[in-house]
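Only this structure's heavy atoms are used, side chains among them; waters, hydrogens and symmetry mates stay out. Quick note on labels: first sequence line is chain A, next is B, and so on, each numbered from 1.
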Protein chains: 2
Amino acid sequence: MVNDPFKALSHPIRRGIVERLAAGPATVGEATAGFGVSKPAISKHLKVLEETGVVQRVVEGRTHRLSLEPDVLSVAADWMDRQRALWGRLFDVVDEYLKEEGSP
Amino acid sequence: MVNDPFKALSHPIRRGIVERLAAGPATVGEATAGFGVSKPAISKHLKVLEETGVVQRVVEGRTHRLSLEPDVLSVAADWMDRQRALWGRLFDVVDEYLKEEGSP
DNA sequence: CGGATCGTTAACCATTAGGTGAACTATAGC
DNA sequence: GCTATAGTTCACCTAATGGTTAACGATCCG
């Protein structure tokens with residue numbers, strides 16, 4: 001089970017899916033068309049995104065509706081906040097270091 | 001050759017190394033102590049970070065001095081800017097989506 | 001010189017990741 | 001009921017990751 005968002009986004013196809021879903025919810029077919037890989041491959045990428053909480057899935061008949069976060073308070077937002085916090089912290093310390101190095 | 005920063009940061013040990021170097025330059029031993037893996041393993045992680053331009057290395061006698069960016073205008077800053085741009089774009093579209101979904 | 005230290009390279013191994021085609025499940029629609 | 005469609009699961013393959021031990025290269029220091 002993957003639960004590391006860095007790892008979840010380490011593959012270009014998964015980042016592509018996230019960017020598409022960011023434009024709005026979509027079915028699996030809509031969100032993943034044109035990546036040039038087979039359906040099983042897509043299925044695996046979706047599983048990773050789902051397991052990390054990046055993507056949510058609602059089965060609607062025979063199609064699956066994917067979304068980053070239908071409820072604003074839910075998974076994706078938390079995930080993004082966690083990422084922002086992480087990267088923010090990283091940027092802060094690096095910025096400080098660069099500032100110190102820049103004018104000693 | 002790895003040149004995808006997402007991939008470079010997809011391993012916790014590599015993120016750990018970056019965070020330590022963010023506090024200032026250090027030798028390999030200083031920057032990588034306590035990760036509980038062997039030296040060859042460390043060496044490989046450093047190679048990945050170096051190849052992506054995240055970390056720079058200067059050989060000083062028998063030790064190697066690692067830094068995120070000794071010259072403010074150089075590799076790490078570019079890398080960070082690229083990351084910020086990428087994530088910024090991602091956050092923008094997702095934010096917009098959430099806003100639209102939040103009050104329709 | 002000789003030994004200790006810092007770090008890499010080489011060779012190898014196990015696991016995971018990413019891909020495939022084939023078969024399957026389930027719904028939609030005629 | 002039959003067929004097409006959406007998507008997953010299964011079994012399999014290959015390549016890349018991440019780790020190891022052993023040997024090596026280079027430098028420091030007594």
Side-chain angles (χ1 to χ4, degrees), chain A residues 1-21 23-68 70 75 79, chain B residues 1-21 23-68 70 75 79:
Chain A
M1 226 270 273
V2 182
N3 76 331
D4 180 345
F6 284 93
K7 204 150 191 186
L9 293 174
S10 70
H11 195 287
I13 286 186
R14 289 197 290 268
R15 292 198 294 275
I17 293 171
V18 168
E19 292 194 27
R20 288 192 187 178
L21 288 179
T27 65
V28 172
E30 291 163 358
T32 67
F35 284 121
V37 293
S38 65
K39 297 206 290 185
I42 289 293
S43 230
K44 289 184 189 178
H45 284 307
L46 285 177
K47 197 174 189 178
V48 172
L49 288 170
E50 209 180 353
E51 281 175 345
T52 61
V54 174
V55 158
Q56 216 180 13
R57 179 197 311 253
V58 177
V59 179
E60 292 178 349
R62 70 179 157 178
T63 72
H64 298 197
R65 186 145 231 80
L66 306 174
S67 57
L68 285 184
V75 189
W79 169 78
Chain B
M1 227 270 274
V2 182
N3 75 331
D4 180 344
F6 284 93
K7 207 152 190 186
L9 293 174
S10 70
H11 195 287
I13 287 185
R14 290 197 289 267
R15 290 198 297 275
I17 293 172
V18 168
E19 293 194 26
R20 288 192 187 177
L21 288 178
T27 65
V28 172
E30 292 163 359
T32 67
F35 285 120
V37 293
S38 64
K39 297 205 290 185
I42 289 293
S43 230
K44 290 184 189 178
H45 285 307
L46 286 176
K47 197 174 188 178
V48 172
L49 289 171
E50 209 181 352
E51 281 174 346
T52 61
V54 174
V55 158
Q56 217 181 12
R57 179 198 311 253
V58 177
V59 179
E60 291 178 350
R62 70 180 158 178
T63 72
H64 298 197
R65 186 146 230 82
L66 305 173
S67 57
L68 286 183
V75 188
W79 170 76

To the nearest Å, how far apart are [X] [atom1] and [N] [atom2]?
X       : N      : atom1 : atom2 : answer
A:Glu51 : C:dG18 : CD    : C1'   : 15 Å
B:Lys7  : D:dA16 : NZ    : P     : 9 Å
B:Ile13 : D:dT17 : CD1   : C1'   : 12 Å
A:Glu50 : D:dG7  : CD    : C1'   : 12 Å
A:Leu49 : D:dT8  : CG    : C1'   : 16 Å
B:Leu66 : C:dT8  : CG    : P     : 8 Å
A:Ile42 : D:dG7  : CD1   : P     : 11 Å

Checking D:dG19, C:dG7, D:dG7 against the side chain of A:Thr27 (C-beta onward), the nearest is D:dG7
Ranking D:dT8, C:dG18, C:dC6 by distance to the side chain of A:Val28, first place goes to D:dT8
Would you say B:His64 places a side-chain N or O within less than 4.0 Å of OP1 or OP2 belonging to D:dG25? no
Taking only the side-chain nitrogens and oxygens of A:His45, find out if one of them lies under 4.0 Å from OP1 or OP2 of C:dA17. no
Contacts to DNA chain C from residues 31-39 of chain B, heavy-atom cutoff under 4.0 Å, which residues? B:Lys39
What nitrogen or oxygen pairs link the protein and nucleotides 10-13 of chain D at under 3.5 Å?
none

dist A:His11:NE2 -> B:Lys7:NZ (nearest 0.5 Å) comes out at 6.5 Å
Remember a base hit wins even if backbone is also touched, and classify A:Ser43 as base, sugar-phosphate or nothing at under 4.0 Å, heavy atoms. base
Contact class for A:Arg14 (heavy atom, under 4.0 Å): base, sugar-phosphate, or nothing? sugar-phosphate
Nearest heavy-atom pair of [X] and [Y]: which atoms, and what distance?
X       : Y       : answer
A:Leu21 : A:Leu66 : CD2-O, 3.6 Å
A:His64 : A:Arg62 : CD2-O, 4.1 Å
A:Ala8  : A:Thr52 : CB-CG2, 3.5 Å

State which residues pass salt bridge (Lys or Arg N to Asp or Glu O under 4.0 Å) with B:Arg57; sequence neighbours excluded, sorted by chain then number. B:Glu50
Donor-acceptor contacts, no H, no angles, side chain residues 39-46 of chain A, under 3.5 Å, sequence neighbours left out:
unit_1	atom_1	unit_2	atom_2	d
A:His45	ND1	A:Arg14	NH1	3.0

Show the atom names and distances, to 0.1 Å, of all donor-acceptor pairs under 3.5 Å that link a side chain in residues 24-37 of chain A to residues at least two apart or in another chain.
unit_1	atom_1	unit_2	atom_2	d
A:Thr27	OG1	A:Glu30	N	3.2
A:Glu30	OE1	A:Thr27	N	3.0
A:Thr32	OG1	A:Val28	O	2.6

Tell me, for nucleotides 25-30 of chain C in 5' to 3' order, what letter each nucleotide earns: B for a base near a protein heavy atom under 4.0 Å, S for only sugar-phosphate near one, - for neither? --BS--
